[in-house]
Every structure is written in C-alpha cells, then in structure tokens.
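What follows is a short report on a single structure.
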Amino acid sequence: MLRDGLFLETLQIKGPYNFDLVLDRLSMDPLNQVDIDSRSVKVPMLIENEAVIAHVQAVGTLDNPKFIIKGTEGENIVKAEKRLAEIFQWDVPLEIISEHFRKTDLAPIFEQHYGTPLVLDFDPFSCLLKCIIHQQLNLSFAHTLTERFVNTFGFEKEGVWFYPSPETVAALQVEELRALQFSGRKAEYVIGIAMEVVKGNLDFTSLRDQSNEEIYKQLIKIRGIGPWTIQNFLMFGLGRLNLFPVADIGIQNALKKLYKLDVKPTLEEIESFSKGWEPYLSYASLYLWRSIE
DNA sequence: AACCAGGGAAGAT
DNA sequence: ATCTTCCATGGT
C-alpha cells in the first residue's frame with residue numbers, strides 16, 4: 001500500500017514474540033532510535049548499497065504479534081522487508097527454543113525473558129566494528145565510544161545514524177580515532193579491518209553462505225579479530241544459533257550468578273554447564289546476558 | 001584507590 | 001603450542 005511516498009505494511013507473525021523486550025534491549029545502545037511509548041524503533045539498513053530506514057512498530061501482543069512497518073518508497077521494498085524479517089528473527093520458532101530450555105538449568109531465565117528473540121545488528125560491517133570497539137571495555141564506555149565514532153564519521157538520515165562505510169573508515173588516520181579516546185591498538189584494528197573490506201578480502205555477502213568453521217578460519221587471520229569477536233559476529237552479524245562465547249566476561253558473570261559461585265567458572269565448568277543447551281547456544285548466551293542486564 | 005571491563009596481539013617460555 | 005604481559009581508558 002502506497003501513500004504519501006511511503007510504503008506501509010502490516011505484518012502478523014507466529015507468537016510468542018515479545019517486541020517490548022526487544023526494544024528494552026535495543027535501548028541499551030544510545031545509537032538505536034527506540035520509542036518505548038509508541039513501541040517502535042527506526043531501523044537503518046543498507047539495501048543494495050542504499051541507505052534505507054524502516055520504522056517498525058508493534059501493535060500486537062506476546063501471543064499474537066503484529067507490526068506496522070513504514071519506510072521510504074523505493075525499488076527495494078521486498079528486499080528491505082526480507083532483511084527486516086532476518087534482523088528481527090520473525091521466522092525463528094521461539095516456542096520450540098523456549099521448550100528446549102524448559103528442562104535445563106536456564107529454565108527460570110527463559111521463563112523470565114519469554115518471547116525474547118535474538119535481534120541481529122542492522123548491518124554486518126557495523127556489527128564487526130562494534131565488536132572491535134567493545135572489546136575489553138565496560139558496556140557503558142563502549143556505548144559512548146561507538147556513539148562518538150558513528151556521530152563523527154558516520155552519516156545521518158531521517159534522524160537515524162548509520163555507521164561509516166568501509167571506504168570512509170579505511171581512509172581514517174589512527175590519530176583521528178585516538179582523539180575520540182580509542183586506544184592506538186583499537187584504532188589500528190578498526191582501520192585495518194575496513195581496509196580488508198575495501199580490498200575485497202572480506203566480503204560479507206559471500207560469508208553468508210559459509211559455515212561457521214569456514215568463517216572462523218577466514219576472520220581469525222585478520223588483526224584485531226579473535227575468537228570472541230568471531231562468535232559475536234556469527235551471532236549478531238549473521239544470526240547463527242549455536243554460539244557460546246566462553247571467554248566473555250558477561251557470560252561468566254551470568255553463570256557465576258546463576259550457579260551462585262564464589263568465583264567465575266573455569267572453562268571446564270562452563271563447558272559442562274552448556275552441555276544440553278545445543279543446538280541453541282546463542283539463545284543461551286542471549287538469555288544469560290539478559291539475566292545480568 | 002585499586003581493580004575490572006561482553007579481548008587480542010606480541011613477547012616469553 | 002601454551003602462558004604472561006601489555007595495551008589504554010572509563011566505570012565502580
């Protein structure tokens with residue numbers, strides 16, 4: 001339905017799906033344009049290299065989720081809607097996943113956050129940059145640092161900020177990022193990764209069709225990208241369902257809290273806890289993070 | 001005022 | 001191959 005230069009669509013999906021909890025989590029990142037009262041968010045996407053913004057608003061309930069989607073009229077409406085479905089995991093059967101955890105130690109947490117989907121980052125390249133920037137920083141400072149980065153080098157459209165393009169980032173100097181309080185090392189990582197993309201050595205479209213292992217082998221070679229970054233990228237960049245970042249401090253603290261441990265669990269303990277959570281380890285990770293947020 | 005943070009590279013065994 | 005140190009800065 002077209003009106004006033006907008007495309008407008010109502011969408012109904014299978015429940016359970018708790019969009020209010022989605023907005024709750026998205027609002028942790030100051031770059032996300034979330035409006036809790038109207039139950040909506042503006043989603044910046046790159047469709048066929050074109051910046052597109054979709055306004056997604058929940059109008060349904062947990063068990064009968066409905067959305068109103070608005071966007072600027074263009075040629076890629078179908079692709080934009082497909083991408084939205086992927087980002088918000090509208091086709092993932094949350095009931096089945098929730099059922100899977102009902103007989104595990106995570107049951108109470110899954111009860112508490114029932115209907116929470118794993119929402120993807122809005123763009124794979126942005127996801128990777130965000131992972132690098134967030135490495136070894138507390139969430140609060142990490143968010144101000146990414147916000148500062150995007151506001152300085154990215155671009156704004158219809159009130160939403162886009163991360164800078166690989167070309168823009170590749171052309172930056174370390175000193176420009178140091179001025180934003182990046183460490184020298186972090187600045188080198190970010191610029192270096194953008195250069196790999198510009199040179200064509202890192203292509204996110206082709207990554208989509210590769211296995212986790214193939215992607216790992218390719219990304220681990222790039223300076224600044226380690227296991228934690230790859231696991232996060234596979235989860236939030238590509239939406240893979242079975243990742244568990246054992247080295248993640250947040251996961252460790254969540255497990256410590258869940259099992260009432262005096263110290264953070266060892267690698268072996270974590271491995272043994274997570275037995276039985278497959279093949280949905282990403283959802284275990286997500287709900288563990290939620291449990292300490 | 002220490003100590004920690006949703007890590008990873010580089011150097012040392 | 002595996003262990004240790006350094007990076008850099010804000011938060012608590």
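The figures here come from the full heavy-atom set of this structure, side chains too, leaving out hydrogens, waters and symmetry mates. So that the names make sense, note that chain A is the first sequence line, chain B the second, and so on, each numbered from 1.
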Under 4.0 Å between any heavy atoms, over every strand shown, what does A:Lys264 touch: base, sugar-phosphate, or nothing? Just pick one.
sugar-phosphate
A:Phe141 side chain, from C-beta outward: closest of C:dT9, B:dG7, B:dA9:
C:dT9
A:Ile225 CD1 to B:dA9 P: how many Å, rounded?
9 Å
Grouping I, L, V, M, F, W and Y whenever their side-chain heavy atoms are under 4.5 Å apart, do A:Val246 and A:Ile249 come out in a common cluster?
no
Check the distance between C:dA8's P and A:His134's NE2 and give it to me in whole angstrom.
19 Å
Are A:Lys199 and A:Glu196 close enough for a salt bridge, meaning some N to O gap below 4.0 Å?
yes
Is any side-chain nitrogen or oxygen of A:Arg185 closer than 4.0 Å to OP1 or OP2 of B:dA10?
no
Whole-Å gap separating P (B:dA10) and CD (A:Gln135):
13 Å
Salt bridge A:Glu293-A:Arg290, side-chain N to carboxylate O under 4.0 Å
yes
Which of the following nucleotides, B:dG7, C:dA8, B:dA9, is nearest to the side chain of A:Ser183?
C:dA8
Judged by each residue's nearest nucleotide on DNA chain B, which is more toward the 5′ side, A:Ser140 or A:Ile220?
A:Ser140
Between CG of A:Leu137 and P of C:dG11 the distance, given in whole Å, is 11 Å
Measure the distance from CD1 on A:Ile230 to C1' on B:dG7 and round it to the nearest whole Å.
12 Å
Is A:Arg290 touching bases, backbone alone, or none of the nucleic acid, heavy atoms closer than 4.0 Å?
nothing
State whether A:Thr229 places a side-chain N or O below 4.0 Å from either non-bridging phosphate oxygen (OP1 or OP2) of B:dG8.
yes
Sugar-phosphate, base or nothing in reach of A:Phe182, heavy atoms under 4.0 Å
nothing
Using a heavy-atom cut-off of 4.0 Å across all strands, would you classify A:Leu139 as base, sugar-phosphate, or nothing?
base
Remember a base hit wins even if backbone is also touched, and classify A:Pro227 as base, sugar-phosphate or nothing at under 4.0 Å, heavy atoms.
sugar-phosphate
Examine B:dC3: is either OP1 or OP2 under 4.0 Å from a nitrogen or oxygen in the side chain of A:Asn138? Give yes or no.
no
Nearest to the A:Arg178 side chain among C:dT9, C:dG11, B:dA10, which nucleotide is it?
C:dT9
Can we call the ring centroids of A:Tyr17 and A:Phe67 under 6.0 Å apart?
yes
Classify the ring geometry of A:Tyr283 against A:Tyr287: parallel below 30°, tilted from 30° to 60°, perpendicular beyond 60°.
tilted
Reckon A:Gln136 has a side-chain N or O less than 4.0 Å from the OP1 or OP2 of B:dG7?
yes
Using atom CG of A:Leu219 as one end and atom P of B:dG7 as the other, report the distance to the nearest whole Å.
18 Å
